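Owing to the predicted nature of the structure, the values given are computational and were not obtained by experimental measurement.
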Amino acid sequence: MKKGDIFEGKVIRTEFPNKGIIDIEGQKVIVKNALEGQVVRFSINKKRRDKVEGRLLEVIEPSPLEQPAACKHFGICGGCRYQNLSYEQQLDLKKRQVEELIEKNGLSFDIENIYGSPITEGYRNKMEFTFGDEEKDGPLALGMHKKNSFYDIVTLDDCRIVDPDFNVLLQAILKYFKEKGETYFHKIRHEGFLRHLVMRRSVKTGDILINLVTTTQSRLDESEFVNMILSQKIDGKVVGILHTLNDNLADVVQSDETKTLYGQDYFYEYLYNMRFKISPFSFFQTNTLGAEVLYDQVREYVGETKDKLVYDLYTGTGTIAQMLAPVASKVVGVEIVEEAVEAAKKNAVDNHLDNCEFIAGDVLKVVDNLTQKPDILVLDPPRDGIHPKALTKIINFNVDEMVYVSCKPTSLMRDLLVFREAGYEVKRACLVDMFPGTVHVETVVLLSQQKPDDVIEVDLDLDELDITSAESKATYQEIKDYVLKEFGLKVSTLYISQIKRKCGIEVGEHYNLSQKDNQKVPQCPKEKEDAIRAALEHFAMI
């Protein structure tokens, strides 16, 4: 088996997030976007000593699980991957994938339930569309990236996961710029005008905010553009039209300058009879009705908050913080996006909450200034999880319980392993499907610190155990301190674990590593290995 070889095989299972697993002569091959039960043809595009990946070429036989997808763009658009499954099958698959990740990472806890989204179509309240072309030098397109493509764009005229108003407005805006002969921003040549179209909508009111993102390489006829949009027949109401200028080379939506061409630069969304002001760049859950299901679980896991201090880290626009504030002594929210923090402060005032404090800054740095110990921590980090250094500081709060809300199960598992080493265990866990048709799923876990009182007392005859006092007491930190004192060397937990394994001492894996796949794990240098061995001998561990 070598790169470029073509094989056929049956997908035996689908691992998170969309990895089809195929067995070829005893060799595990990962083929993305292949569904369990399918017979597929694929080519080997990556081969390493411990990993083989293939690129899907053709589905020869469909899976018995498959059904016709409702969206005509399915299979071409890179947005949705599970629309060819019934919703019940999607939920079953997502739950099983997370359960397999739990087992694979050596963790042990049950998923209580997976809660589905109240609606499975038209649920997204925000969508970022990209200008480009469907093929090289083709006509202007506006939509989502093609599956497995960084450059090609699929024009969406009937996307099923957004409100139908979005489809109407997208088509009108695309037609307008085609007639104008405007060009899209070319990622390689760094030439062109049109970059992104961002639309947001309040599910509860139907108010719509439109943000056109361009470079400064051409000029927009602002009044004509506004009049064109306002002339469209839609069910909702356009309350704001914005124009964001962005000359940055990175393919992300960001603002050098944002102008309000019409109306206002915000709208209001409602959750739990509370009002939240949503601005162009502030974070808010993209599935409003699903968010209510998610936050129901968060509130249940947080439990009694009367007279308690709650820290809501990665608070966004403060939805969780304000949801808990009426029944808490005080809630402190931390968020890195300053605009989101300003919105959170205004939302708290609008909702008549005077016990909320919102701090703008990176959690990694802000927690150093939070000197008061909270009673409960709520963590809702970005997809990549919690920064390792911030994780250590969070653990140092030494709270009895935490609620962790995660939108990426693999990041969650990595962080849970660190929490376990610090003495926390998962007390409860559930899933909430905020993204029907896609591979994504939210996980909510309740972490509880295991106190000495929680330990079961067992009578042991120490004479029958082959263990010394030093073995049972020597910690990683003690080994580090000894090596530094005696040899003047700094050694990491990873290096100590490596040498312990060499010496036949059973240890857990070190998970505080890069989140990239196939990262190179540094090996302990000879000088440090000798020093660590000397420390192990000193503590009578070898």
TODO: Taking Q449 for its side chain and D400 for its backbone only, find out whether a donor-acceptor pair lies under 3.5 Å.
DONE: no

TODO: Report the C-alpha distance between K306 and S329 in whole Å, list the side-chain angles of each, state the deciding distance to 0.1 Å, and finish with yes or no for side-chain hydrogen bond (donor to acceptor under 3.5 Å, both in side chains).
DONE: CA-CA 6 Å; K306 185 179 179 182; S329 171; over 6 Å; no

Open item on the list: Can you tell me which residue among K95, E442, E99 is in a side-chain contact (heavy atoms from CB on, under 4.5 Å) with L431?
Closed with: K95

Open item on the list: Please check: side-chain N/O of E401 versus main-chain N/O of S448, any donor-acceptor pairing under 3.5 Å?
Closed with: no

Task: Interatomic spacing from OG1 in T120 to CZ in F435 - rounded to 0.5 Å - done: 14.5 Å

Task: Pairing of D368 and K393 as salt bridge, 4.0 angstrom limit - done: yes

Task: Heavy-atom donor-acceptor pair, T214 side chain to L194 backbone, under 3.5 Å - done: no

Open item on the list: Looking at every heavy atom in both P409 and V98, which two are closest together, and how far apart are they?
Closed with: CG-CG2, 4.0 Å

Task: side-chain hydrogen bond (donor to acceptor under 3.5 Å, both in side chains) between Y123 and D163, intermediate numbers included - done: CA-CA 7 Å; Y123 60 84; D163 186 88; over 6 Å; no

Task: Any side-chain heavy-atom pair of E121 and I161 under 4.5 Å - done: no

Task: Candidate pair F225 and F177, rule ring pair (Phe, Tyr, Trp, His ring centres under 6.0 Å), full reasoning - done: CA-CA 9 Å; F225 180 69; F177 284 117; 5.7 Å; yes

- [ ] Could you grab the distance from atom CD1 of I102 to atom CD of Q97, nearest 0.5 Å is fine?
- [x] 12.0 Å

Open item on the list: Can a donor-acceptor pair be found, under 3.5 Å and without considering hydrogens, that links the side chain of Q217 to the backbone of H190?
Closed with: yes

TODO: Check G290 against V432 and note the closest heavy-atom contact, atom names and distance.
DONE: O-CG1, 4.2 Å

- [ ] To the nearest 0.5 angstrom, please state how far the NE2 atom of H145 sits from the CD1 atom of I153.
- [x] 4.0 Å

Open item on the list: Treating T258 as the side-chain partner and S255 as the backbone partner, does any N or O pair qualify as donor plus acceptor under 3.5 Å?
Closed with: no

Open item on the list: For a quick test of reading the model, state the closest non-hydrogen atom pair linking A344 to Q322 and the distance between them.
Closed with: O-NE2, 3.7 Å

Open item on the list: Regarding E425 and R420, does a basic nitrogen lie under 4.0 Å from an acidic carboxylate oxygen?
Closed with: no

- [ ] Take the angle between the ring planes of H243 and F193 and call it parallel below 30°, perpendicular above 60°, tilted in between.
- [x] perpendicular

- [ ] Taking S202 for its side chain and T205 for its backbone only, find out whether a donor-acceptor pair lies under 3.5 Å.
- [x] yes

Open item on the list: Would you compute the distance between atom OH of Y268 and atom NZ of K277 and round it to the nearest 0.5 angstrom?
Closed with: 5.0 Å

Task: Check: L101 and T410 side chains under 4.5 Å, non-hydrogen atoms - done: yes

N/O donor to acceptor pairs below 3.5 angstrom from side-chain atoms of residues 112-119, sequence neighbours left out:
residue	atom	partner	partner atom	Å
E112	OE1	Y301	OH	2.8
E112	OE1	R428	NE	3.4
E112	OE1	R428	NH2	3.1
E112	OE2	R428	NE	2.8
S117	OG	I119	N	3.4
S117	OG	I119	O	2.6
S117	OG	N287	ND2	3.1

Task: Minimum heavy-atom distance between T288 and L271, given as atom pair plus value - done: O-CD2, 3.7 Å

Task: Shortest non-hydrogen separation from F419 to L391 and the atoms involved - done: CZ-CD1, 3.3 Å

Task: Minimum side-chain heavy-atom gap E269-F284 below 4.5 Å - done: yes

Task: Cation-pi check, K345 onto F358 ring (under 6.0 Å, within 45° of axis) - done: no

TODO: Determine, step by step, whether L140 and L174 satisfy the side-chain contact (heavy atoms from CB on, under 4.5 Å) criterion, reporting the C-alpha distance in whole Å, the side-chain angles of both residues, the deciding distance to 0.1 Å, and the verdict.
DONE: CA-CA 8 Å; L140 185 67; L174 176 60; 3.9 Å; yes

TODO: Identify the heavy atoms of H440 and D433 that sit nearest to each other, and give their distance.
DONE: O-OD1, 3.5 Å

Open item on the list: Name the residue from D157, D158, T155 that meets the side-chain hydrogen bond (donor to acceptor under 3.5 Å, both in side chains) definition with H73.
Closed with: D157

Task: Qualifying salt bridge (charged side-chain N to carboxylate O under 4.0 Å, His left out) pairs, either residue in residues 222-239, two or more places apart - done: K180-E224, E222-K259

- [ ] Would you sort out whether T319 and Q285 count as a side-chain hydrogen bond (donor to acceptor under 3.5 Å, both in side chains), showing the intermediate values?
- [x] CA-CA 9 Å; T319 46; Q285 291 286 354; over 6 Å; no

Open item on the list: Checking K480 against T493: is there a side-chain donor and acceptor pair closer than 3.5 Å?
Closed with: yes

Open item on the list: For D251, is there any backbone N or O sitting under 3.5 Å from a side-chain donor or acceptor partner on K187?
Closed with: no

TODO: Return yes if some donor-acceptor pair links the side-chain N/O of D362 with the main-chain N/O of I336 below 3.5 Å, else return no.
DONE: no

Task: Student check: side-chain heavy atoms of L446 and V426 closer than 4.5 Å - done: no

TODO: Kindly indicate, with the supporting measurements, whether the criterion salt bridge (Lys or Arg N to Asp or Glu O under 4.0 Å) is fulfilled by R96 and E100.
DONE: CA-CA 6 Å; R96 178 167 56 79; E100 290 173 351; 3.1 Å; yes

Task: Test side-chain contact (heavy atoms from CB on, under 4.5 Å) applied to V405 and V298, step by step - done: CA-CA 8 Å; V405 184; V298 173; 3.7 Å; yes

TODO: For the residue pair V444 and V403, establish whether any side-chain heavy-atom pair is separated by less than 4.5 Å.
DONE: yes

Task: Under 3.5 Å donor-acceptor, N125 side chain and R200 backbone - done: no

Open item on the list: Between F397 and Y311, does the ring pair (Phe, Tyr, Trp, His ring centres under 6.0 Å) criterion hold? Intermediate values first, please.
Closed with: CA-CA 10 Å; F397 278 124; Y311 283 175; 5.5 Å; yes

Task: side-chain contact (heavy atoms from CB on, under 4.5 Å) between H196 and F131, worked out - done: CA-CA 6 Å; H196 298 95; F131 288 95; 5.6 Å; no

Open item on the list: Would you say that more than 12 heavy atoms from the other residues, nucleotides or ligands in this model lie under 6.0 Å from the NZ of K204, or not?
Closed with: yes

Task: Polar side chain donor-acceptor pair, E257 to T244, under 3.5 angstrom - done: no

- [ ] State whether the side chain of D380 and the backbone N or O of I320 hold a donor-acceptor pair below 3.5 Å, judged by distance alone.
- [x] no

TODO: Enter the distance from L416:CG to M413:CE here, rounded to the nearest 0.5 Å.
DONE: 6.0 Å

Task: Inter-residue atom distance R81.CZ - F74.CZ, 0.5 Å rounding - done: 8.5 Å

- [ ] With sequence neighbours excluded, tell me which residues meet ring-ring contact (aromatic ring centres under 6.0 Å, His included) with Y151.
- [x] none

Open item on the list: Tell me whether the rings of Y272 and Y295 are parallel (<30°), tilted (30 to 60°) or perpendicular (>60°).
Closed with: tilted

TODO: Dump the intermediate steps for side-chain contact (heavy atoms from CB on, under 4.5 Å) on T215 and L245, then the final yes or no.
DONE: CA-CA 5 Å; T215 67; L245 302 175; over 6 Å; no

